[in-house]
Amino acid sequence: MAADTARLICASADLQDSGRAVRFTLDGADGKPLSALALRYQGRVYGYINACRHIPIELDLQDGNVFDLSGQYLVCSMHGALYLPNNGRCVGGPCRGHGLQALPLHEADGQVWLNVMPA
Ligand code: FES
């Protein structure tokens with residue numbers, strides 16, 4: 001993929017299945033940096049805006065640990081909201097009815113990329 005349509009996030013090897021997420025930032029609509037996460041689940045990479053749908057604070061309190069102990073859910077460290085890693089849908093806790101905002105990540109050549117719109 002051409003560099004002007006994708007932004008490098010991390011090496012594929014940086015993301016282990018149900019392991020620590022890689023944090024990165026995006027430019028928010030208001031010009032402020034927006035926290036985001038790249039993670040791997042069942043072999044595939046996924047990206048989400050790092051903001052709980054209960055209260056818009058970071059899910060992981062800055063360490064990239066977003067999976068619960070089972071490795072099957074993303075959990076908010078504040079009040080325990082649970083999200084599915086493969087689509088961000090809320091399945092438990094105070095986020096009910098709302099999902100994480102997904103980001104278009106893909107892997108190529110041993111690296112993880114965020115698809116971006118050409119300027
Ligand atoms: S802020 Fe995430 S569950 Fe309350």
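As the structure lists them, so they are numbered: ligands from 1, and atoms in each ligand from 1. All values derive from a computational prediction rather than experimental measurement.
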Considering all heavy atoms, the nearest A21-L37 contact: CB-CD2, 4.0 Å
Distance from atom 3 (S) of ligand 1 to nearest protein heavy atom, with residue and atom: H79 CB, 3.4 Å
Looking at C76, which atoms of ligand 1 are within less than 4.0 Å of one of its heavy atoms? 1 (S), 2 (Fe), 3 (S)
For atom 4 (Fe) of ligand 1, give me the closest N/O/S atom belonging to H54, just the atom name. ND1
A81 heavy atoms, cut-off 4.0 Å: which ligand 1 atoms fall inside? 3 (S)
Are side-chain heavy atoms of V66 and L59 found at a separation under 4.5 Å? yes
N/O/S of C52 less than 2.8 Å from atom 2 (Fe) of ligand 1? yes
Under 30°, 30 to 60°, or over 60°: which ring-plane class applies to Y46 and Y41, parallel, tilted or perpendicular? tilted
If the threshold is 4.0 Å, N to carboxylate O, is there a salt bridge linking E58 and R23? yes
Element-labelled atoms of ligand 1 that are located less than 4.0 Å from some non-hydrogen atom of I55: 1 (S)
Counting backbone and side-chain atoms alike, does C95 have an N/O/S atom under 2.8 Å from atom 2 (Fe) of ligand 1? no
How many angstroms lie between atom CG of L82 and atom CG of L74, to the nearest 0.5 angstrom? 9.0 Å
Closest heavy-atom contact between L105 and F24? CD2-CZ, 4.5 Å
Counting each atom of ligand 1 from 1 as listed, which ones have a heavy atom of P94 under 4.0 Å away? 3 (S)
